[in-house]
Amino acid sequence: THNLDLLGALLVGLAGSAHCIGMCGGVSAALSMAIPANKQHFWGRLAYLLNYNLGRILSYVIA
């Protein structure tokens, strides 16, 4: 049964990654392209992307 537990965990992980690529990846790409021109340097982009991901993780924690 131990092998079935590992197989189940692998399948759940693969199913979750498809959701993340399809939904989170598209939203993240759209937000990355919408960063204002004056924030296009490394630290400005990093701040926008960190805020997006922190908000995403926090919303999952609350849900």
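Reckoned from all heavy atoms, side chains included, excluding hydrogens, waters and symmetry mates.
Its side chain within the 4.5 Å cluster rule, Ile62 clusters with Leu58 among the Ile, Leu, Val, Met, Phe, Trp and Tyr residues. Cluster partners of Tyr48, using a side-chain heavy-atom cutoff of under 4.5 Å among ILVMFWY residues and allowing indirect links, are Ile35. Cluster partners of Met33, using a side-chain heavy-atom cutoff of under 4.5 Å among ILVMFWY residues and allowing indirect links: none.
Separating the CG atom in Leu50 from the CG atom in Leu54 is a distance of 6.0 Å, to the nearest 0.5 Å. The structure places CG of Leu46 at 10.5 Å from NE2 of His41, a figure rounded to the nearest 0.5 Å.
A search for side-chain contact (heavy atoms from CB on, under 4.5 Å) contacts involving Tyr60 returns His19, Cys24, Arg56, not counting sequence neighbours.
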